Amino acid sequence: MAAPLYVTQSGRLFHAGLILIVTVGLPARGKTHISRALERYLRWLGVKTRVYSLGDYRRKVLGGAKNVPPDYFQTKSPRSEATNALRRRIKNEIEDQIMDFYTVQGGQVVIYDANNGNVKNRKDCYQKFESKGVHVIFLESICDQEEIITANIRSVKLSSPDYAGWDAERAVADYWSRIRDQEQVYDTVTADEGPFIKVMNVGERIEVNRIEGYLQTRCCFFLMNIHTKPRTIYFARSGQSLIEHSYKADSDLSPAGWEYAERMKAAVVARRKALREEKRANGEPMTNENPLLIWTSARRRAYHTAWPFVHAGFKVVQKPIMSEINPGVWDGLSTGEAMDLYPDEWDRFLSDPYAHRAPRAESYHDLSVRLEPVIFELERCQDDLLIIGHASVIRCLLAYLVGLPPNEVPAVEIARGDLVEVTPASYGVISRAFHFWSGEGRGDASGENLYENFAESTSGKGSVLPDSGVNFAADAFNMEKEAQEEQNTSKQKLAKSIGKGNKSLLARLNSQSNGNTDGTKSAPHLPPFQENADEEEGRLIKSPGSEINYSSGNEEVLSEGELQDEPQGEGKEGGSLRARAMSILEI
C-alpha cells in the first residue's frame, strides 16, 4: 500500500464489495501496463489490490518458451489432450490463488491479467466468481495501430523469459505470428456478457457498460488518464533559500541556490543526452525525443530554481497545489526544540509519522490527499517531466510511483543535489538517482541532508527498508563532472550567441568556466541594470515561447516575458527581469 487516502480496519471499502477485473485483449495490447497502473492507483487509494497474471504464472510453472509444448498457443488445429490438461491446470491454479486472496488474505480487488479472448472462457469465469459473491468487470484493451503494437512487443515482450536468447527480429516475427493466430478466434466483449470497460488505443477512447458504484467509477476515471507512450520523469529539490527554516517566510534563493539552479539545468540536459546514447548503444529505434516540461510549486525557491529552464526556452508551469507540507506550530523549530516545546505531540508523532498532524499543520496523509489531482496529471502527461519541488511533495509522488508503504514515506531521503529519474514500464517503474551537486545547502557538518524545515526532515521518522528500491541518497550515481562540463559548454554557446564582438564578456565566461568547480562559490555581485539599455540586448535574452499567456485556473505558465516576483534578498542588486536574465552568465 503506497500512500492510502482511505483506509478501513479490514483494508476493504465496505460499500464496494469484492471486485474481479478480468482483462480481455489480443497479445501486446497494453493489458499488463493498464493492469499494473490500475493496481498502483487502487493501492494508493488504500484498496487491497493485486494483479494475477496468467502469463507470469505459466512462465513460473513451465519456464521459458523452450519448455512450452509446441501446440500450447495453437488455434488453427486441435491441441493435444495433454496440452489442454496443462492449460486447464494452470488456469485453475491461478484462479484458486485469486479466491485465496479474497477469503484468506483479506483482499478486495483482483486484476486478472490474461487474454480471455474466448466468449465461452469469459462466461465460465463470470459464472464461477459471481456465484461466490465477487463482482466481475471485463476490461478490454483494443488497439488497431500497428506502431503501438510493435513498440509494445519490442519494449516488453522481447525482454520476457519467453524470448531469452532469441534474435530480436526473429522474436518480433514469432510474436506477430502468435497474434495473427489468435486474431482468427478472438471475440470482443458484448453488452450481454456483463459489465465492461473498453479502452481503445490505450486511452484514446473509453466505452463503458453497466459500471456502477464508487470504486468502479473511480477506475473508469483513472483509465481515462493513462497512456503507454515512453517517457521519463525527473525529480529534484529546489535550491537553498536565504531563510531555510521558515515556512511562512517564502524566501528567495541564496547565492548558492542560484548557482544550484544553473547546475541542475546542466545535469538534466546531460542526463537526457546520456539516455539518447544508451538507446543508441542498445540498438533501440531512435524516435523523436519527447519535449521536456517542468512543474514547480508557487514558492519562490521552487520556481526561481526553474529560471534557467525558462531562459533556455522550456515550458515551466507553477502549481500552487505542490507547496511543501505545512509544519504548523513546528515551523522554524529544530528537532530538539520540537521535542522540548511539544513533548506530547512529539510522542504521538513518533507513533505514526505518516498520519499524525501537529497543531495547525498537515500530516503526510493530508498532503497525499492534496496531491491527488497531480497524480492524474502525472499519468496524463505524455512529455518528459521534471518536477522541481520540496522533499515532502517528492516523497508522496514517489510513494505513488514506486509503491511505498505509508510508514516509510516520511523517512525517504531526498538530498538536495540529487536528480531522481523514474521511467514507467509495463511491470512497474525503473528508478535511478544521479548526484550532481555537493555545494552549499546539501548537507550539514556531519553529512546529514539539509531540509527546508523540520516537517520536511527525516529525523525521528522511522526508516526505509533496504529492499524498497528508494534509497536514492545512498545509491546515487555521481555525475558532477558531466553536469559541470555541460554547464561550461552552455556558457560557451551563450557567449558566442550574445557576445559576438564583445570580447570582455567572452573572457569573463571563459574564466568562470575554467574556475571553481566544486559548487561552493557564491553568485556574483551585479551593478543595477539601467532601464534605458538598448533594445538589441533585450531581444537577445528573449526566449522562444515568451509570449505564452497564463494558463487557466491557479496554474501559471512562465516564460521570460512573464516571470513574476523579482528575486529578493541581500547580494542581489538590480530589480529588473533583464538584469536577472543576464545574471545567469555570471553564475
Side-chain angles (χ1 to χ4, degrees), residues 20-36 50-100 110-129 138-143 146 148-189 193 426-427:
L20 176 66
I21 299 175
V22 181
T23 66
V24 179
L26 290 164
R29 261 52 177 188
K31 298 185 300 298
T32 297
H33 174 87
I34 293 172
S35 299
R36 296 294 176 179
R50 184 173 298 172
V51 172
Y52 285 85
S53 170
L54 185 62
D56 287 348
Y57 186 70
R58 185 255 305 162
R59 283 184 282 270
K60 180 180 178 181
V61 173
L62 302 180
K66 63 180 182 297
N67 300 323
V68 177
D71 59 344
Y72 193 88
F73 299 107
Q74 187 171 287
T75 59
K76 295 180 180 178
S77 57
R79 306 183 188 93
S80 68
E81 184 54 38
T83 299
N84 284 331
L86 178 61
R87 289 173 64 95
R88 284 194 299 269
R89 178 172 71 86
I90 291 175
K91 182 175 182 293
N92 289 335
E93 285 177 359
I94 195 170
E95 290 179 0
D96 289 343
Q97 291 181 19
I98 291 173
M99 284 308 304
D100 179 80
V110 167
I111 303 170
Y112 188 5
D113 182 14
N115 291 347
N116 294 305
N118 181 276
V119 173
K120 182 180 182 303
N121 289 343
R122 290 198 296 266
K123 183 178 180 180
D124 291 343
C125 179
Y126 184 87
Q127 292 177 345
K128 177 178 181 177
F129 285 96
F138 295 113
L139 173 57
E140 184 174 15
S141 180
I142 301 172
C143 185
E146 191 165 307
I148 295 179
I149 300 171
T150 301
N152 190 33
I153 293 174
R154 290 187 177 276
S155 65
V156 181
K157 303 303 180 183
L158 299 190
S159 60
S160 77
D162 284 352
Y163 293 105
W166 284 50
D167 174 74
E169 295 306 319
R170 177 169 165 251
V172 170
D174 179 82
Y175 206 85
W176 266 113
S177 67
R178 186 189 298 184
I179 292 173
R180 301 302 183 203
D181 286 345
Q182 295 196 28
E183 283 178 339
Q184 306 302 315
V185 295
Y186 180 78
D187 301 312
T188 189
V189 179
E193 292 186 56
S426 291
Y427 289 89

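Hydrogens, waters and symmetry mates play no part in the numbers below; they use all other heavy atoms, side chains included. What you see is a predicted model, and the numbers here were worked out from it, not measured in a lab.
The line from CG of L20 to CG of L139 is 11.0 Å long, rounded to the nearest 0.5 Å. To the nearest 0.5 Å, atoms OH (Y52) and CD (E95) are separated by 12.5 Å. Note that the CG atom of N115 and the CG atom of L26 stand 7.0 Å from one another [nearest 0.5 Å].
Residues satisfying the salt bridge (charged side-chain N to carboxylate O under 4.0 Å, His left out) criterion with D181, sequence neighbours excluded, are K76. With sequence neighbours left out, S177 forms a side-chain contact (heavy atoms from CB on, under 4.5 Å) with D174. Every side-chain hydrogen bond (donor to acceptor under 3.5 Å, both in side chains) that R88 has, sequence neighbours left out, goes to E81. When the side-chain hydrogen bond (donor to acceptor under 3.5 Å, both in side chains) test is applied to D71, the partners found at least two apart in sequence or on another chain are S80, T83. The side-chain contact (heavy atoms from CB on, under 4.5 Å) search around Q127 returns K123, not counting sequence neighbours. For the side-chain hydrogen bond (donor to acceptor under 3.5 Å, both in side chains) test, residues two or more places apart in sequence or in another chain that qualify with D100 are Q105.
Of the candidates R58, R59, K60, D56 forms a salt bridge (charged side-chain N to carboxylate O under 4.0 Å, His left out) with just one, namely R59.
Put simply, the side chain of R29 gets close to the backbone of P27: a donor and an acceptor are under 3.5 Å apart. A donor-acceptor pair under 3.5 Å is formed between the side chain of N118 and the backbone N or O of K120. At distances below 3.5 Å, at least one donor-acceptor pair connects side-chain atoms of R79 with backbone N or O atoms of Y72.
Here the closest non-hydrogen pair linking T23 and S35 is CG2-OG, 3.4 Å. Shortest non-hydrogen contact noted between K31 and A114 is CE-O, 3.6 Å. The shortest non-hydrogen separation linking K128 to N92 is NZ-OD1, 4.3 Å. Residues I153 and A28 come closest through the heavy atom pair CG1-CB, 3.7 Å. Of all non-hydrogen atoms in Y57 and Q97, the two that sit nearest each other are CE1-NE2, 3.3 Å. In terms of heavy atoms, T188 sits closest to E193 at O-OE2, 3.7 Å.
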Verdict with reasoning, I179 to Y186, per side chain to side chain contact (heavy atoms under 4.5 Å, CB included): CA-CA 10 Å; I179 292 173; Y186 180 78; over 6 Å; no

Verdict with reasoning, Y126 to V22, per side chain to side chain contact (heavy atoms under 4.5 Å, CB included): CA-CA 9 Å; Y126 184 87; V22 181; over 6 Å; no

Side chain to side chain contact (heavy atoms under 4.5 Å, CB included) between M99 and F129, worked out: CA-CA 9 Å; M99 284 308 304; F129 285 96; 3.6 Å; yes

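Looking only at side-chain heavy atoms (C-beta outward), L62 and I90 come within less than 4.5 Å of each other. No side-chain heavy atom of N116 sits under 4.5 Å from any side-chain heavy atom of C125.
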